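The structure appears below as structure tokens.
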Amino acid sequence: MHPPSPAFGHPTFSRRTMLQAGAVGLLGLGSNHLAGLRALAANAPAPKARAVIYIFLSGGLAQQDSFDLKPAAPAEFRGEFKPIATRTPGVQICEHLPLLARRSHLWALVRSLTHRSNDHSAGHHIMLTGRSDLPPGFSPSAARPGDWPSIAAVAGGVTRPRNNLPPAAVLPERLVHNTGRVIPGQFAGLMGPTRNPWFIEASPFDPLGYGAYPEYGFDHQERPGKPKDKVFQAPSLSLPDGVAQGRLDDRLSLLRRIDRQRRDLDRTATVESFDAFRQGAVAMLTDHRVRAAFDVTRAPEKVQERYGRNAFGWSLLMARRLVEAGVNLVQVNLGNNETWDTHGEAFPHLKEKLFPPTDKALSALLDDLDESGLLDGTLIVMAGEFGRTPKVSHLPQFYKLPGRDHWGALQTVFFAGGGVKGGTVVGTSDKIGGYPKNDPQTPENMAATIYGALGLPATAQWRDAEERPHHVYHGEPIKGLT
């Protein structure tokens, strides 16, 4: 821990530090790029390749209409969808997820995850951080420095990078409510803003637009305004304006001369960390694997057809490529603006707008990782901030057709890869899909399952902005999945 700075004192820098900072600037990179340019220490052994893709369904998926149907329940509870058999005897899911049904040997379900909140903001914070208790001073209106760090932020701060890429990323956008309010729980919180996960902003925000645009875009309330013609576009990794390849070579030559000056200033200094940052900066600009990971809308025709030419397909394809490129955890927000918040028009929107692109893209991800040999080392988790009420309801002042309301007491969480036993179901719910019947699980246990898949030991710690240690684990990995 560093000693406290004198009150009202000005920071001082050695000449060597100033040379290092100037050298980064020569590459056309500002200080805002440094957090994303971490690298392994010079002689450190490479960690075992373990990765997680956390798919988040903002708004809350109805368990009774997806992975835990109740065909024997009264009509007002069971809804409109029918169950179909999967490849696994005795396991049924929604009829509108036929591709996933044929791949049940690759995935497992936890039908008994529960927490206490029915509020969107609190639910997001709970399920994005893996902490059921809200932090002191929590605000549903905005993210605050005292929030618990997100699972992605913890993974980014605690796991070791496999290369020059940041160890954790969130795509294709930050979670924002249609009022413009940024949802709490997705940032580093107590860890400090410099430890926020790497947000890959590929999808522009639109308060009227939901879902897997352009193919499956929709508006929950079918308001008179039309959604924008959004374009899914990954961030550019081209050289900064005015820096051609030749000029970059010239700047690297100048950097080498500065290196010699730096060594003359302090021949005994440890400079490997700075060299790693510089190498990371160059790699981010020149590594074809990094560029390819982002350039999903120009992927081969067959690949795009496999995943789907829409925001859901492109997002999961990007996640798959980032994992292969060396990112340890990728959080995929599969729909912004509480896309899965099906208070009304629930059954037509699920059937026609949400399930088709999800079924296709997630099945493609499973097949792709399985065929490439990456599935065993990559855990896939899919959850929302909560499930939905057992009873179907109607809000005629907002919607023409019925739906379901918020329900923190129960949701089904989807798991695949990372050693998960396919065809497994952990926990059961009651007759109407309202509460766990046996083996209840918590967000803490889900988070522990993720951290375990990343290879973090039970004693792992994250540090807050004051460098105070905090336990990573607040639960145990879910038993029966592996």
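Every value quoted in this text rests on a predicted model; they were computed, and no experiment measured them.
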Subject >> Partner residues of D359 under the salt bridge (Lys or Arg N to Asp or Glu O under 4.0 Å) criterion, sequence neighbours left out >> reply: none

Original post:
Strictly by modelled atom types, are S117 and H115 linked by a side-chain donor-acceptor pair under 3.5 Å?
Top reply: no

Original post:
Using a distance-only test with no angle check, is there a side-chain donor-acceptor pair under 3.5 angstrom linking D68 and Q63?
Top reply: no

Original post:
Any chance CD of Q304 has more than 12 other-residue heavy atoms, nucleotides or ligands included, within less than 6.0 Å?
Top reply: yes

Original post:
Would you say R195's side chain and A153's backbone share a donor-acceptor pair under 3.5 angstrom?
Top reply: no

**OP:** Could you label the plane-to-plane angle of the Y451 and Y473 rings as parallel, tilted or perpendicular, counting under 30° as parallel and over 60° as perpendicular?
**Re:** perpendicular

Original post:
Where does the angle between the aromatic ring planes of H120 and F386 fall among parallel (under 30°), tilted (30 to 60°) and perpendicular (over 60°)?
Top reply: tilted

Original post:
Have Y213 and D206 got a donor and an acceptor in their side chains that come within less than 3.5 Å?
Top reply: no

**OP:** Just jot down the salt bridge (Lys or Arg N to Asp or Glu O under 4.0 Å) partners of E95, sequence neighbours excluded, or say none.
**Re:** none

Original post:
Distance-only, no hydrogens or angles: does the N333 side chain make a donor-acceptor pair with backbone N or O of E173 under 3.5 Å?
Top reply: yes

Subject >> Side-chain donor/acceptor of S104 to backbone N/O of T88, under 3.5 Å >> reply: yes

Original post:
Between W407 and Y435, what is the ring plane arrangement, given parallel below 30°, perpendicular above 60°, and tilted in between?
Top reply: perpendicular

**OP:** Check for a donor-acceptor pair, side chain of S203 on one end and backbone N or O of P172 on the other, with a separation under 3.5 Å.
**Re:** no

**OP:** Could you tell me whether the side chains of D439 and Q441 share a donor-acceptor contact shorter than 3.5 Å?
**Re:** yes

**OP:** Check each of F398, W340, Y210, Y399 against H220 using the ring pair (Phe, Tyr, Trp, His ring centres under 6.0 Å) test, and report the only one that passes.
**Re:** Y210

Original post:
Can you say whether the rings of H96 and F81 are parallel (under 30°), tilted (30 to 60°) or perpendicular (over 60°)?
Top reply: perpendicular

Original post:
Is the shortest side-chain N to carboxylate O distance from R174 to E201 below 4.0 Å?
Top reply: yes

